[in-house]
Structures are given as structure tokens and as C-alpha cells.
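Report on the following structure.
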Protein chains: 2
Amino acid sequence: MTGHEEFPTYGHEVLAVILQVRAGRLCLLLWQRTEPPHAGAWALPGGVVGPGETLELSVRRHLATKVDVRELSHLEQLGTVSEPGRHPELRLLATAYLGLVPAGVDPVLPPDTSWHPVHEVLRTAFDHGALAIAGRDRLRAKLSYTNLGYALAPPRFTIAELRAIYAAALGHDVSPTNLRRVLLRRQVLEPTGETTRPDRTGGRPAACFRFRDGGYRVTDQFAVLRPPSAN
Amino acid sequence: MTGHEEFPTYGHEVLAVILQVRAGRLCLLLWQRTEPPHAGAWALPGGVVGPGETLELSVRRHLATKVDVRELSHLEQLGTVSEPGRHPELRLLATAYLGLVPAGVDPVLPPDTSWHPVHEVLRTAFDHGALAIAGRDRLRAKLSYTNLGYALAPPRFTIAELRAIYAAALGHDVSPTNLRRVLLRRQVLEPTGETTRPDRTGGRPAACFRFRDGGYRVTDQFAVLRPPSAN
DNA sequence: GCAAAAGTGTTCGCCCTACACCCATGT
DNA sequence: ACATGGGTGTAGGGCGAACACTTTTGC
């Protein structure tokens with residue numbers, strides 16, 4: 001603690017659970033290893049932390065080689081894993097981050113990297129599968145009490161499009177009626193005033209919306225046990 | 001990533017935000033440093049991670065020198081901080097944990113260690129103050145949608161006693177009527193059948209309760225956007 | 001009887017869901 | 001006209017806050 005004694009040091013890597021809704025499915029970005037250990041297995045993007053950088057900057061730097069960092073709409077720390085046996089050869093701590101990419105963008109990927117529907121991800125290298133599940137569950141929980149949807153949605157969208165995104169991320173159907181009312185009442189969404197042209201098959205034109213707040217915001221802070229009223 | 005190249009390593013410490021309700025106040029366990037850096041400042045308990053141990057075991061080991069580990073009713077990871085300047089002399093990553101101690105127990109502490117009301121903690125060593133705030137806020141949030149109260153309460157208690165614990169932890173008044181109904185409806189509490197003897201001053205004897213589940217449980221998972229009904 | 005503390009009944013409002021109905025457009 | 005998809009009205013249920021009222025004790 002004083003900085004004068006000798007003490008052990010460890011390798012430290014960052015890992016990214018990158019999620020995006022693609023074609024109606026929540027997908028996870030993985031790359032395929034070619035060298036042991038776990039050659040051939042799919043793994044989370046990431047890499048070793050450099051001497052002068054914070055964990056967050058490190059994960060952004062490593063991601064820049066996989067997806068354009070400017071396309072990341074959200075990045076938050078998930079947790080740090082430390083089991084001594086998680087890497088077969090050396091003691092390597094890993095801090096995982098959850099990153100989100102808005103629907104619609106399609107970043108160019110290196111050849112070893114691709115998107116996988118998150119419910120199909122079974123065998124992964126190391127403990128990456130459990131980290132991916134943790135990221136998916138964190139996203140699902142926060143969709144219901146924060147405005148985190150902004151990080152999955154394109155800049156402008158109809159309620160039907162947003163409904164599809166929420167349904168894919170949550171893994172169950174979502175009613176457009178209720179989604180609209182909940183998010184409007186909470187002032188998470190605002191109408192842009194524009195409308196879309198309907199399909200050839202007809203139908204009423206849909207109003208366009210955007211997320212009011214560009215950043216992360218908790219919208220339903222005290223579900224219960226809230227402070228007594230001011231009276 | 002392959003384990004064969006050279007890569008940088010770092011010191012890693014664990015830090016514990018230990019909270020307990022004492023005399024109607026939410027208190028934080030701190031020890032006073034005697035050596036630089038930050039000599040004289042109050043700091044979170046913790047220490048360096050040993051070669052073969054996980055972060056959680058490490059924090060439990062370090063805590064054993066401050067409070068008896070058997071008295072810890074809850075321990076969860078808060079996050080990892082990594083700013084290169086957080087320690088003036090060396091690169092030192094730190095993973096913080098939130099630990100809870102039930103009301104009523106009064107562990108013997110070493111002379112440099114004591115409890116401080118969490119709202120009075122102002123100047124701390126390093127970035128420990130921000131970590132303490134993060135721990136306090138995590139506790140407050142989880143009290144409202146999980147059964148985490150079990151980790152702050154003694155094994156048996158009256159509603160009035162539990163109300164005082166929740167009020168201290170949340171930082172605002174809590175109505176015993178509503179606390180009782182909410183926690184009973186959610187089946188977080190169950191009556192033991194016993195009652196307490198009233199004070200010399202009279203009053204109806206209070207029923208005793210306990211938490212139904214000894215472990216952590218989310219009780220209000222889907223506040224909104226829940227899955228459609230089974231019909 | 002009276003004070004004090006615990007527990008219950010009841011009202012109210014808010015939020016979310018579900019479902020029926022209305023609206024705007026293309027063919 | 002009618003099919004199609006978007007949007008609105010409305011009723012119902014559940015939950016939690018507030019507050020009055022009842023119950024059970026000691027003095």
C-alpha cells in the first residue's frame with residue numbers, strides 16, 4: 001500500500017461484449033481464434049491493457065481494430081473476472097465492458113470477426129460465454145428503467161421499428177401501443193414531426209420519433225420505497 | 001493473448017466498501033493511514049491481491065484482519081478503477097467490493113479502524129470517497145427491488161426495527177405501514193410467530209419477522225415492458 | 001381510563017396492460 | 001370500397017402512499 005515494498009503484478013486484459021440488433025435479432029460481435037489456447041473457438045474482442053491507459057480507453061483502442069469506435073453508442077463496465085485458472089498459462093485478470101451499436105449501421109469487420117445471434121452463442125473461448133450472458137442481462141434490465149434504448153436505436157425511427165428493436169433485445173414480444181405510451185410519458189421519446197411514406201400495400205403513415213436525451217439517464221429511479229411526498 | 005509474448009503487468013488491489021447501520025446511521029468502515037501517500041487520511045480496507053487468489057477471496061482475506069469475515073452478510077463486486085494517476089507512485093488497479101454487515105453485531109476492530117457515518121465522509125485517501133458513494137448508491141437502489149435488506153437486518157426483528165434500518169440506509173423516512181405491506185406481499189418477509197414484550201411505557205407487543213430467503217433475490221424484476229401475459 | 005406503540009382498513013392516484021375502435025393511406 | 005398498418009380511447013387491475021381507525025399492552 002505504501003508503494004515501497006515489492007508486490008506481485010498481473011497481466012490485465014479488457015474484453016468487450018458488443019451487442020447490436022441486426023435483422024430482428026440481438027447479435028454479439030465475436031472473432032475466431034487461430035492460435036492456442038482455444039484455437040478455433042469464438043472469443044470476445046479485446047486485448048492487453050497498455051501502461052498508460054485506463055481500462056475504458058484500452059477497450060476503445062482495441063475495439064477500433066474491429067469496429068469503428070465512433071459507432072459505439074454506449075460503453076459501460078460490466079465486471080472483472082479473476083479465476084486463476086481462466087487462462088491456462090498465466091495469471092490474467094480481465095475487465096469486461098458492455099458496448100452497444102445502434103441498429104442500421106453495418107461496420108466493416110476484419111475477416112476473422114462476425115456477428116452471432118446471442119441466443120445461439122454456446123461454446124466460447126475461456127469464460128467469454130458467461131460474460132456475454134452478463135452483458136445481455138444487464139442490457140435487458142436497463143431497458144426497462146432507463147433510456148438505454150437510445151443506444152440500440154437509429155437516430156430517427158417509427159414506433160414499429162423501435163418495437164422490433166426492443167423485442168429483439170428483450171427476447172419477448174413488445175406491444176407498440178404500450179411502448180409508445182410508456183416512453184412518451186417518461187419523456188424518453190419526442191416526435192420529430194416527420195412521417196414516413198407508407199408501403200405500396202398502403203397503411204397510415206407512421207410518425208417519426210427520436211430519443212430526447214443523447215446520453216444515459218435513469219427514468220424510473222425509485223420503483224418502491226420512494227421518499228415521502230414533500231407535504 | 002497467446003501467452004507467449006511479453007506484456008505489461010500491474011499491481012492490483014482490492015478495496016472494500018463495508019456498510020452497516022449503527023445507531024440509526026448508515027456507517028462506513030475506514031482505517032487511518034500512517035504512511036505516505038495520504039498519511040493521516042482515512043481509507044477503505046483492502047490490500048494487494050495474492051498470486052493464487054481470486055479477487056473475492058482476496059477481499060475476504062484482507063477483511064479478516066479488520067472485521068470477522070463470518071459477519072459479512074453480503075459481498076458483491078462494485079467495479080474496477082484504473083486511472084493511471086490514482087496512485088502517485090505506481091500503476092495500481094483496484095477492484096472495489098460492496099460488503100454489508102447486519103445491524104446489531106459489533107465486531108472488534110484494530111485500533112486504526114473505525115466506523116464513520118457515510119454522509120460525513122468527506123476527505124478520503126486516493127479515490128476511495130467516490131467508491132464509497134458508489135457503494136452507498138448501489139445499496140440504496142437494490143433495497144427497492146431486491147431482498148437485499150436481509151443483509152442489513154438482524155436474524156429476527158420487528159417492523160419498527162426494520163423501518164429504522166431502511167430509513168438509515170435510504171437516507172429518508174420510511175413508513176412502517178407500507179414497508180410491512182410491500183415486503184409481505186412480495187413474500188420477502190415472513191412472521192416468526194413470536195412477539196416482543198412492550199416497553200415500560202406500554203404499547204402493543206410487536207410481531208417478529210425474518211427474511212424468508214437467506215440469499216440475494218430480485219423481487220421486482222420487470223418494472224415495465226414485461227413479457228405479455230400467458231393467455 | 002389513558003397513553004403509547006403495533007397493526008388494519010380504506011381511499012386515492014398512478015402506472016401499465018389489453019383490447020376495441022378510429023384514422024390515413026394505396027390500390 | 002377495402003385492405004393495411006398507425007394511432008387513440010378506455011376500462012381494468014395492481015401496487016404503493018397516506019391516513020384514519022382499531023387493537024393490545026403498561027401504568
Which of these nucleotides, [options], is closest to any side-chain atom of [X]?
| X | options | result |
| --- | --- | --- |
| A/N178 | C/dA18, D/dT8, D/dA18 | C/dA18 |
| B/R181 | C/dA6, D/dA18, D/dG6 | D/dA18 |
| B/V182 | D/dA17, D/dT10, D/dT23 | D/dA17 |
| B/R185 | C/dG7, D/dG9, D/dG16 | D/dG16 |
| B/I159 | C/dG7, D/dT8, C/dG9 | C/dG7 |
| B/R180 | D/dG5, C/dG7, D/dG9 | C/dG7 |
| B/P205 | D/dT25, C/dG7, D/dG6 | D/dT25 |

Whole-Å distance between [N] [atom2] and [X] [atom1]?
| X | N | atom1 | atom2 | answer |
| --- | --- | --- | --- | --- |
| B/R186 | D/dG16 | CZ | P | 5 Å |
| B/L183 | D/dC15 | CG | C1' | 13 Å |
| A/L179 | D/dT8 | CG | P | 14 Å |
| B/L184 | C/dA6 | CG | P | 15 Å |
| B/Y145 | D/dG16 | OH | P | 16 Å |
| A/H172 | C/dA18 | NE2 | P | 11 Å |
| A/R204 | C/dA24 | CZ | P | 6 Å |
| B/L162 | C/dA6 | CG | P | 13 Å |

Base, sugar-phosphate alone, or nothing: which one does B/T177 contact when heavy atoms must sit under 4.0 Å apart?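 Base, at least one base heavy atom under 4.0 Å.
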Taking all heavy atoms of A/R25 and all of A/P117, pick out the closest pair and write down the distance.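 Taking A/R25 first and A/P117 second, the nearest heavy atoms are NH1-CG, 3.6 Å.
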What's the shortest heavy-atom distance between A/S82 and A/L93, and which atoms?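 Taking every non-hydrogen atom into account, CB-CD2, 3.6 Å.
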Report yes or no: does A/H12 contribute a side-chain atom to a donor-acceptor pair with the main-chain N or O of A/V49 at less than 3.5 Å?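 Looks like no, no N/O pair under 3.5 Å.
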If only side-chain N and O atoms count, and only distance matters, is there a donor-acceptor pair under 3.5 Å linking A/T54 with A/E56?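 No.
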Quiz question: by atom type and distance under 3.5 Å, do the side chains of A/T95 and A/T80 form a donor-acceptor pair?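 Note: A/T95 and A/T80 side chains meet the donor-acceptor criterion.
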